[in-house]
Structure formats: C-alpha cells, structure tokens
Amino acid sequence: MAKYTHGHHESVLRGHARRTAEDSAAYLLPHLEPGASILDIGCGPGTITADLAERVAPGPVLAVDQSADVLGVARAEGQRRGLSNVSFATADVHSLDFPDHSFDVVHAHQVLQHVADPVRALREMRRVCRPGGLVAARDADYAGFIWFPRLPALDLWLDLYQRAARANHGEPDAGRRLLSWALEAGFDDVAPTGSLWCYATPETRDWWGGMWADRILHSSVARQLLESGLASAAQLEEISAAWRAWAAAPDGWLSVPHGEILCRA
C-alpha cells in the first residue's frame with residue numbers, strides 16, 4: 001500500500017462517516033440484489049458498508065481495511081444497525097487473501113487514489129470477483145474541485161494536498177484515470193460514469209468547511225506537510241481560517257467531481 005495521506009484523525013472519520021451508499025455508490029445500487037455477496041475494500045468507518053449490507057441482506061458482506069483501528073469503528077456501526085450479515089478483516093488490495101471468484105460484487109470507494117499500484121489492485125479485485133460479477137470503483141478528482149468565493153489560501157490547500165498525496169505514491173486525480181486503469185487491468189466490459197458532491201447550503205458548508213479547517217491542522221495531512229517542509233504552521237492556520245470563511249459565506253459553493261467504473265468480471 002501507499003501511505004494513507006489522510007490518516008484516521010477524528011476530523012477525517014467525521015467526514016467519512018457522513019457518506020452513504022446513496023451519495024457515494026448510486027451508480028452501483030441498481031445492480032444489487034438481495035442475497036448477493038460483497039467485498040467492500042477500504043471500508044473506513046463503515047457507513048457505506050452498512051448501507052450495502054442492508055440492501056443485499058441476507059447476502060454476506062465482508063468489509064476490509066488496512067487499519068485495524070478503523071475496522072473497530074465500522075464494526076460498531078454494523079452493530080448499531082443490528083446487521084448480522086457483515087464481517088470484517090484487515091487486507092491489502094494489492095494482495096487479497098481470498099480465493100478466486102469469491103464475491104458477486106467487489107467495491108472500492110475513494111481507495112484507488114491512495115494505492116501504490118491501482119492497476120494491480122484492480123486485477124486483484126477482478127480475481128476475487130466471480131465470472132459475470134461486478135467490480136465497482138469510485139474516486140474523486142482533486143484537480144476538478146471548484147469552489148466560490150475564490151480564496152487564495154484554498155488554492156494553496158489544493159496544491160499542498162496534491163503534493164502530499166503524490167509524495168505518498170497516491171494519485172489525487174484518480175477519478176479521470178479509472179477507465180484507463182480498468183482497461184490496463186484487462187477489463188473489456190467497463191461502464192464509466194461520473195457524478196458530483198455539491199456543498200452549497202449552510203449546513204453542508206458548515207460541515208465540509210469545519211471538517212477541513214480541523215483536518216489541515218490536526219490530521220496526518222498536517223503532520224506530513226510540516227515534517228516534509230512543504231508548508232509552515234502559519235500557512236496551515238491560514239488555510240484553516242479560509243475554510244471557515246468559505247463556510248460562512250452565504251454564497252459559498254463547492255463541487256467535488258468523481259469518476260466511476262462498473263467492470264464486468
């Protein structure tokens with residue numbers, strides 16, 4: 001695995017735990033049926049996993065992540081919802097410890113942007129997917145972020161985040177590359193799509209802006225930027241303040257573009 005740029009600070013999990021299958025895997029949902037088995041790779045705090053498990057119950061869902069600690073958070077989410085069809089394990093998507101053709105659906109949300117070799121990862125996802133099953137992946141594309149008002153400190157934020165991600169051998173503009181990676185991985189039946197997250201209401205601005213105002217100061221991203229010399233503490237404080245200013249702007253608007261692929265195994 002590449003080094004995970006975001007880490008698992010509370011501010012990161014706060015953002016990830018807001019995600020749902022509806023806002024993060026809508027392209028996949030019409031293809032799910034009760035009884036299907038799913039491997040959910042990079043499950044994080046497990047909110048998407050739990051949504052998928054509810055849709056395919058009684059089908060089994062295996063949620064994996066490289067972090068044992070965050071699996072504890074995901075496990076608690078499943079227990080809170082009373083799900084009995086979800087299990088958990090640590091795993092590296094480059095080398096999945098599962099037999100060939102084990103799952104009907106292999107899903108990864110915001111994972112391929114963080115791995116050292118996304119093509120190898122997709123080949124492994126294909127290997128453990130049953131013939132005729134689906135490999136599904138969705139990733140953001142940071143270079144396509146659009147926000148208003150244009151605050152110079154947020155331009156600095158984007159530049160610094162992309163530098164940190166690439167220093168960790170990830171690809172922050174993964175969304176536009178998913179189709180290319182899938183073809184290189186050997187898939188010949190790929191349905192590529194795209195979708196947006198949009199934050200423009202007071203509630204969503206407050207959530208996104210407050211989350212990143214904290215992340216740029218306290219998460220692994222902040223530590224990496226400071227330790228590498230890419231940014232100073234004063235610059236990170238400036239970025240944090242800019243996110244709060246953006247969130248407070250009554251006309252504040254942000255869109256996050258995503259690439260998506262549904263690959264038939």
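FYI, side chains are in, hydrogens and waters are out, and symmetry mates aren't considered; it's all heavy atoms of this structure.
Closest approach of Ser232 to Leu226, counting heavy atoms only: C-CD2, 3.6 Å. Shortest non-hydrogen contact noted between Asp65 and Cys43 is OD2-N, 3.4 Å. Closest non-hydrogen pair, Leu196 versus Pro257, comes out as CD2-CA, 3.4 Å. Heavy-atom minimum distance, Val106 versus Val128: CG2-CG2, 3.9 Å. Taking each heavy atom of Arg126 and Ala185 in turn, the nearest pair found is NH1-O, 3.9 Å. In terms of heavy atoms, Ser37 sits closest to Ser102 at OG-O, 4.0 Å.
Considering Phe148, Trp246, Trp212 in turn, Trp246 is the only one that fulfils the side-chain contact (heavy atoms from CB on, under 4.5 Å) rule with Leu254. A side-chain contact (heavy atoms from CB on, under 4.5 Å) with Val93 is found for one member of Leu122, Asp117, Val64, Val115 and no other, namely Val115.
In this structure, Arg166 pairs ionically with Asp173, as a charged nitrogen and a carboxylate oxygen lie closer than 4.0 Å. In this structure, Arg14 pairs ionically with Glu10, as a charged nitrogen and a carboxylate oxygen lie closer than 4.0 Å. Salt bridge Arg18/Asp23: absent, no basic N to carboxylate O contact under 4.0 Å. Salt-bridge formation is detected for the pair Arg55/Glu22: a Lys NZ or Arg NE/NH1/NH2 atom is positioned less than 4.0 Å from an Asp or Glu carboxylate oxygen. By the 4.0 Å N-to-carboxylate-O rule, Arg205 lies too far from Asp251 to be salt-bridged with it.
Judged purely by atom type and a 3.5 angstrom limit, Ser24 has no side-chain atom pairing as donor or acceptor with the backbone of Ala21. Panel note: side chain Arg176, backbone His258; no donor-acceptor pair is recorded below 3.5 Å. Of the possible polar contacts, none joining the Gln113 side chain to the Gly175 backbone as a donor-acceptor pair under 3.5 Å is found.
With sequence neighbours excluded, no residue satisfies side chain to side chain contact (heavy atoms under 4.5 Å, CB included) with Asp206. The ring pair (Phe, Tyr, Trp, His ring centres under 6.0 Å) check on Trp253 picks up nothing, with sequence neighbours excluded.
The closest side-chain donor-acceptor pair between His9 and Arg215, if any, does not fall under 3.5 angstrom. With 3.5 Å as the limit, one finds a donor-acceptor pair spanning the side chains of Gln224 and Asn168.
Using a 30° and 60° split on the angle between ring planes, Phe145 and Trp208 fall in the tilted class, from 30° to 60°. Aromatic ring pairs are classed by plane angle as parallel below 30°, tilted from 30° to 60° and perpendicular above 60°; the pair Trp197 and His109 is tilted.
Atom CZ of Arg244 has more than 12 neighbouring heavy atoms from other residues, nucleotides or ligands inside a 6.0 Å radius.
Hydrophobic clustering (ILVMFWY, side-chain heavy atoms < 4.5 Å, transitive): Met125 and Leu39 are in one cluster.
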